[in-house]
Amino acid sequence: MKYFNVAGPCIEGEHYMIDATERLYDELMELINSKQYYVVHAARQTGKTTLLIDLANKINKEGKYYAVYCSLERLYGVTDTGIGISAIFNAFAIALENYQLPFFEKFKDNIDISDFLNAFGLALSRYCRKIDKPLVIFFDEADCLTDATLISFLRQLRDGYINRSIAPFPNSIALVGMRNIRDYKAKIRDNQETLGSASPFNIITESLNLRNFTQIEVENLYKQHTDQTGQVFEDEALEIIFGQTQGQPWLVNAIARQVIEKQLKNDYSIPITAKMVSEAINTIILRRDVHIDQLLDKLKDERVQKVIEEVIMGEGDDIDFFSDDYSYVKDLGLIRDNNKVIEPANPIYAEVIIRVLNNKEQRILETDARFSEFQMQKYYKNDTFDLSLMLQDFQQFWRENSDIWQNKYQYREAAPHLILQAFLQRVLNGGGDIRREMATGRRRLDLCVEYLGKKYPIELKINYGKKYLERGTGQLLNYMDILGCNEGWLVAFDRNAKKSWEDKIYQKSEEKDGKIVNIFGC
């Protein structure tokens, strides 16, 4: 019985999986057939290893080439070049044995491993001389290599590549990892240094990114489960899954596993509904599995902060899409470029990013007397949520605590947005949902509170003067039109330290185009 896998590479016959021929296959085979050396990069848990192992198996079955998948993950943290090259040597020897390729047992014969500047390249050349087909290699986790080990490894590959007309060498080599080739360079030298004319990177002809699943691929993956068990995913459930994950492979598998194994206890007679999927997504967000925790641990990195803070606040009109910071955060899988607008890679990551960044504040608020279950009941009246009353209380809270709390934040520029959302999450805990619309260029953050089928649109904006408030009002009206609401709330934070709180804190309501706009100054 197959199942949805969320730990390690998928195995044909054991797990539901998307065939390698559906993801990058044509592009990779074109590079292999033209004898190219190239890079494949993608964020963690996007199916790189599954793809490479599947592809290597298919290539070996087709019989034109010998293909080897070799993971370099065990070299993480190794800084000694001699030890590093020796470990690469041994890892590849084991990979040859695993595939039972001809003469695998002779790969180390008559090679002086102590000559670590030449040993691996020499061994590859001699091995290619012995075998009767061209060799294709996928070096996975190549970005685990550090400093001098990385340089030595790549120089030996480069030397073999440029001398292929003289001495046999692998037909095609892929360096596979989470990072793009420009980040390999940044990792081993600063901007002022050069690796000289014999750069080990100048043999790389392509850098390919492994994309997420398409909506059709998600449906095909789930259809494998339906064909095996008879259990169907309702159309609305499929729409929510793709919308919330944007096809991120680990999330796609994790949601299905949560519903089928945890919620339904493998009862295949029950169709999978949108409500079940929403519950599973909420569980995954709150549980923060290892995959999500590893990803979001990167939020502490200053390079990540520069980009994510602009996404939260809606800033970044002039962001450099060729900058190392942008490339790094995108390669991590935290963001995506949607027509030159940067936004979280998917709504689930957007939700978790905010929850992680304001996690400490949420815990503090849990112990605050004003957030007791009894006190919070005042916001709920006759099946409605009194957002205006909550924002009045937040204004007082902000006045009393903003100086202390903002200074605690690493993400200080986004602190107002994060603290309000912590406040809002605590009030709504178990009683409603928050939808977040984050992206650069908006110059505000859109929120929508949903409670018992009713929607409450909110705009968060930094107040730099009258024209910014006018713009914020227009943006809120547009957001209200999208949501089909006749009432909305604009929260404007004034960061001018010279202004008194009496000038900053205010509330007013205006009627615009037949709609009510409630403005709260903070």
Side-chain angles (χ1 to χ4, degrees), residues 296 298-321 323 325-326 328-330 332 334-347 349-362 391 394 398 402-403 405-425 434-449 457-476 478-479 488-497 499 504 519-522:
L296 297 179
K298 300 294 185 181
L299 292 172
K300 301 172 186 175
D301 191 316
E302 289 185 6
R303 292 172 295 174
V304 176
Q305 177 185 342
K306 290 178 184 178
V307 177
I308 295 298
E309 198 157 38
E310 291 185 336
V311 172
I312 293 172
M313 298 178 65
E315 302 291 344
D317 287 337
D318 58 350
I319 195 161
D320 182 0
F321 288 89
S323 71
D325 289 341
Y326 168 75
Y328 175 62
V329 180
K330 187 176 181 181
L332 288 175
L334 283 169
I335 59 172
R336 64 173 180 161
D337 173 7
N338 186 7
N339 294 321
K340 298 301 180 181
V341 173
I342 303 171
E343 58 189 16
N346 57 67
Y349 285 179
E351 180 68 22
V352 180
I353 285 170
I354 296 298
R355 287 176 179 262
V356 167
L357 292 178
N358 65 23
N359 182 54
K360 291 181 181 177
E361 286 64 40
Q362 290 181 57
L391 289 175
F394 176 76
W398 181 249
S402 60
D403 289 344
W405 281 37
Q406 287 185 96
N407 291 332
K408 294 179 179 179
Y409 264 88
Q410 177 184 345
Y411 285 60
R412 290 190 64 184
E413 292 300 313
H417 299 63
L418 294 169
I419 293 171
L420 174 57
Q421 290 181 83
F423 193 101
L424 188 57
Q425 279 172 214
I434 307 173
R435 184 199 307 173
R436 314 175 203 273
E437 302 286 343
M438 298 189 296
T440 58
R442 296 177 183 269
R443 297 202 175 278
R444 87 276 187 188
L445 169 62
D446 300 338
L447 302 176
C448 179
V449 172
I458 309 170
E459 293 276 353
L460 306 187
K461 195 169 183 66
I462 301 298
N463 179 12
Y464 296 110
K466 183 179 179 180
K467 69 176 182 179
Y468 290 92
L469 284 180
E470 292 174 350
R471 184 183 300 169
T473 299
Q475 291 166 336
L476 176 58
N478 182 61
Y479 190 39
W489 289 259
L490 172 62
V491 182
F493 291 95
D494 195 322
R495 307 298 291 271
N496 187 345
K499 273 190 180 182
K504 291 181 181 179
I519 302 175
F520 285 78
C522 292

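Both backbone and side-chain heavy atoms feed into the values below; hydrogens, waters and symmetry mates do not. Please read these numbers as outputs of a predicted model, since none were measured by experiment.
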(Q) Assess the residue pair Lys330 and Asp337 against the criterion (side-chain contact (heavy atoms from CB on, under 4.5 Å)); give the C-alpha distance rounded to whole Å, side-chain angles, the decisive distance to 0.1 Å, and a yes or no. (A) CA-CA 8 Å; Lys330 187 176 181 181; Asp337 173 7; 4.0 Å; yes

Q) Is Glu351 salt-bridged to Arg355, cutoff N-O under 4.0 Å? A)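 Looking at Arg355 together with Glu351, the answer is yes, because their closest N to O distance falls below 4.0 Å.
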
**Q.** Lys/Arg N to Asp/Glu carboxylate O, Lys504 vs Asp494, below 4.0 Å
**A.**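 No salt bridge links Lys504 with Asp494.
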
Q: Kindly indicate, with the supporting measurements, whether the criterion side-chain contact (heavy atoms from CB on, under 4.5 Å) is fulfilled by Val307 and Tyr328.
A: CA-CA 10 Å; Val307 177; Tyr328 175 62; over 6 Å; no

Q: Examine the side chains of Gln421 and Asn358 and answer whether a donor and an acceptor come within less than 3.5 Å of each other.
A: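 Side chains of Gln421 and Asn358: no pair found under 3.5 Å.
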
Q | Flag for Lys461-Gln475: side-chain donor and acceptor within less than 3.5 Å | A |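 Judged by distance alone, the side chains do pair up.
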
At what distance, to the nearest 0.5 angstrom, does [atom1] of [X] lie from [atom2] of [Y]?
| X | Y | atom1 | atom2 | value |
| --- | --- | --- | --- | --- |
| Cys448 | Ile458 | SG | CD1 | 8.0 Å |
| Glu459 | Arg471 | CD | CZ | 12.5 Å |
| Leu476 | Leu469 | CG | CG | 12.0 Å |
| Leu424 | Ile354 | CG | CD1 | 11.5 Å |

**Q.** Member of Leu418, Leu447, Ile312, Asp446 meeting the side-chain contact (heavy atoms from CB on, under 4.5 Å) criterion with Leu460
**A.**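 By the side-chain contact (heavy atoms from CB on, under 4.5 Å) criterion, Leu460 pairs with just one of Leu418, Leu447, Ile312, Asp446: Leu447.
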
Q) Shortest non-hydrogen contact from Val491 to Cys522? A)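 Closest pair (atom of Val491, atom of Cys522, distance): CG1-SG, 3.9 Å.
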
Q) If every non-hydrogen atom of Glu343 is compared with every non-hydrogen atom of Val311, which pair is closest and at what distance? A)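 Shortest heavy-atom separation between Glu343 and Val311 comes out as CA-CG1, 4.2 Å.
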
Q: Could you point out which residue of Phe423, Phe520, Trp489 forms a ring-ring contact (aromatic ring centres under 6.0 Å, His included) with Phe394?
A: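 Single ring-ring contact (aromatic ring centres under 6.0 Å, His included) partner of Phe394 among Phe423, Phe520, Trp489: Phe423.
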
Q) Is the ring centre of Trp398 less than 6.0 Å from the ring centre of Phe493? A)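 Distance test on ring centres: under 6.0 Å, yes.
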
